[in-house]
Amino acid sequence: MKILRMLVSGLVMLLVLGLVNFYIGLHLWYLVDTWLPGVPAAVYWPVFLLIAFAYMIGMVPWPKAVKPAARLFKVIGSYYLACMEFAIIVLPLTDLLYWVLGLMGAQRTAFTTEAGVTLVLLLAVFLIWGSRNAWSTVVRNHPIQIDKSAASSAPITIAVASDLHLGNIVGNRHLRRMVAEINRMQPDLILLAGDVLDDSIEPFIRNGMSEEIRKLGARHGVYAVLGNHEYYGGSIKQYTELMDSIGIKVLQDEVVEAAGLYIVGRKDKTAESMEAAGRKSVEALLDGLDLSRPVIMMDHQPTGFGIAAQAGVDVLLSGHTHRGQIAPNHWITRRLFELDWGYLRKGKLHVVVSSGYGTWGPPIRLASRSELIRLEVRLDGTKPYREEPVHSSPVLL
């Protein structure tokens, strides 16, 4: 029954995707036919459909000999996804304007050319600005006061990065900038809150990304949790062993002590549907801990804030949402999650949700930014915090 539901869902998704792309392709055909009237439809439509479904083509597990071509298709397809979202927003508005002009009796003979030029220019601005937001990074500073004590009398600096999505699109260049920026913080702890991989582990290994991420340095260690994309890639064992070999512990429903804190790492929510044992509850993870000490928890998807607060978690770190990545998707994520980005205080619980460092699909962001988080955790007995400026200059491509 479950397999049947998945098949039906997949067929419905393909049908919707096909209809949307037919709508976009038809409008583009009108423009191509106006600007290049000699292009036959028999050539245009196969090329358009190849580009429209290029991302899905690139996701197919092709034989090794054609993998380079598949990677190229995935890159082309990722940019098309951004163009598709742009088209879904602007084409209905363009059609509405065409219809209104007709009702008003206006001359529309040059409408296709004029509208086409306008939309192409707007698309160029969208892609350029979106690339800037995706590849230039800001550092968000969150000073957090916890009414508990630990061994240290100094503030504890924690660098947090989520949603790196390392793969064929987000590669070593962006990763090197992240490592340099985090190391500049001189953190006590580094926490990677899920989706380090985009999905497949193959480009992570092929491009030696583990050697770059190995350069992360923190006085009390680097810890990570799984995100939904690590589950989608299906190489969790290989990934966790590789990370462990470079000194990064991937916590899977586990607790470690570091810098006088408890670091709790939950399995991603995806484990509930993809693993027979699911994942442990927050209460089970905290069972037996001395809750008079600070508890920092990583849970990739930002859910269950109330449960975490009642269980005794002090700081909950999440990502996953990308803050929608491309506007107006942030209107959707804002309604799906209690907090889809930023900071929230719930009782004694501090929640921080990052918009993520990398991108899924197109390396384009609109109304969101590539970001890293710098937490300054102040505990009871902490010496007065020195208001030093936090380095927050963009990391430019």
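As the structure is a computational prediction, the values presented were derived from the model and not from experiment.
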Can a side-chain donor-acceptor contact be found between Thr333 and Asp340 if the only test is distance below 3.5 angstrom? yes
ring-ring contact (aromatic ring centres under 6.0 Å, His included) partners of Tyr55, counting only residues at least two apart: Trp360
His300 and His320 aromatic ring geometry - parallel, tilted or perpendicular at 30°/60° bounds: perpendicular
In terms of heavy-atom contacts, does CH2 of Trp331 have more than 12 from other residues, nucleotides or ligands at under 6.0 Å? no
Consider only side-chain N and O atoms of Asn21 and Tyr80, and report whether a donor and an acceptor are under 3.5 Å apart. yes
Do the side chains of Arg177 and Glu181 get close enough for a salt bridge, i.e. N-O under 4.0 angstrom? no
Flag for Thr157-Gln186: side-chain donor and acceptor within less than 3.5 Å: no
Side chains of Ser78 and Pro363: closer than 4.5 Å at any heavy-atom pair? yes
Would you say Arg369 and Ser136 are linked by a side-chain donor-acceptor pair, where the criterion is simply a distance under 3.5 Å? yes
Is there a donor-acceptor contact under 3.5 Å from the side chain of Glu212 to the main chain of Leu175? no
Might you point out which heavy atoms bring Leu366 and Asn133 nearest each other, and give the distance in Å? CA-ND2, 4.2 Å
Taking the basic N atoms (NZ, or NE/NH1/NH2) and the acidic carboxylate oxygens, is any pair closer than 4.0 Å for Asp198 and Lys74? yes
Looking only at the side chains, is there a donor atom on one of Gln325 and Ser368 sitting less than 3.5 Å from an acceptor on the other? no
May I ask whether Leu164 and Val170 are part of the same hydrophobic cluster, defined by side-chain heavy atoms of I, L, V, M, F, W, Y residues being less than 4.5 angstrom apart, directly or through others? yes
Restricting to side-chain hydrogen bond (donor to acceptor under 3.5 Å, both in side chains), what partner residues turn up for Asp268, sequence neighbours left out? Thr270, Gln301
Report yes if some heavy atom in the side chain of Ile364 is under 4.5 Å from a heavy atom in the side chain of Thr359; otherwise report no. no
Looking at every non-hydrogen atom in both residues, tell me the closest pair between Lys215 and Asn183 and how far apart they are. O-ND2, 3.0 Å
Please enumerate all residues that pass salt bridge (Lys or Arg N to Asp or Glu O under 4.0 Å) together with Lys67, with sequence neighbours excluded. none
Fit a plane to each ring of Tyr343 and His350, take the angle between them on a 0 to 90° scale, and name the class: parallel (under 30°), tilted (30 to 60°) or perpendicular (over 60°). tilted
Tyr23 and Asp95: side chain donor to acceptor below 3.5 Å: yes
Find out if a path of hydrophobic residues (ILVMFWY) with successive side-chain heavy-atom gaps under 4.5 Å connects Val351 to Leu372. no
Kindly say whether the aromatic ring centers of Tyr357 and His165 come within a distance under 6.0 Å. no
Residues which pass side chain to side chain contact (heavy atoms under 4.5 Å, CB included) with Glu338, listed by chain and number, not counting sequence neighbours: Phe305, Leu344, Lys346
For Phe48 and Tyr44, take the angle between the two ring planes, folded into 0 to 90°, and tell me which bin it lands in: parallel under 30, tilted 30 to 60, perpendicular over 60. parallel
Is Val313 reachable from Met298 through a run of hydrophobic residues whose side-chain heavy atoms are each under 4.5 Å from the next? no
So, Glu230 side chain and Tyr239 main chain: donor-acceptor pair closer than 3.5 Å or not? no
Run the numbers on Glu275 and Arg279 for salt bridge (charged side-chain N to carboxylate O under 4.0 Å, His left out), then give the verdict. CA-CA 8 Å; Glu275 290 188 1; Arg279 63 173 182 166; over 6 Å; no
Between Arg132 (side chain) and Ile128 (backbone), is there a donor-acceptor pair under 3.5 Å? no
Say whether Val264 and Val282 are linked into one hydrophobic cluster, either directly or through other cluster members, by side-chain heavy-atom distances under 4.5 angstrom. yes
When you measure from the side chain of Asp253 to the backbone N and O of Lys267, does any donor-acceptor pair fall under 3.5 Å? yes
With a 4.5 Å cut-off on side-chain heavy-atom distances among I, L, V, M, F, W and Y, is there a chain of contacts connecting Leu226 to Ile205? yes
State, without any angle test, whether Asn329 and Glu85 hold a side-chain donor-acceptor pair at a distance under 3.5 Å. yes
Report yes if the side chains of Val225 and Leu192 come closer than 4.5 Å at any heavy-atom pair, otherwise no. no
Asp290 and Tyr262, any side-chain heavy atoms less than 4.5 Å apart: yes
Contact between Asp147 and Lys348 at the side-chain level, heavy atoms closer than 4.5 Å - yes or no? no
With sequence neighbours excluded, residues passing salt bridge (Lys or Arg N to Asp or Glu O under 4.0 Å) with Lys249: Glu254
Under the side chain to side chain contact (heavy atoms under 4.5 Å, CB included) test, which residues partner Trp99, sequence neighbours left out? Leu96, Leu103
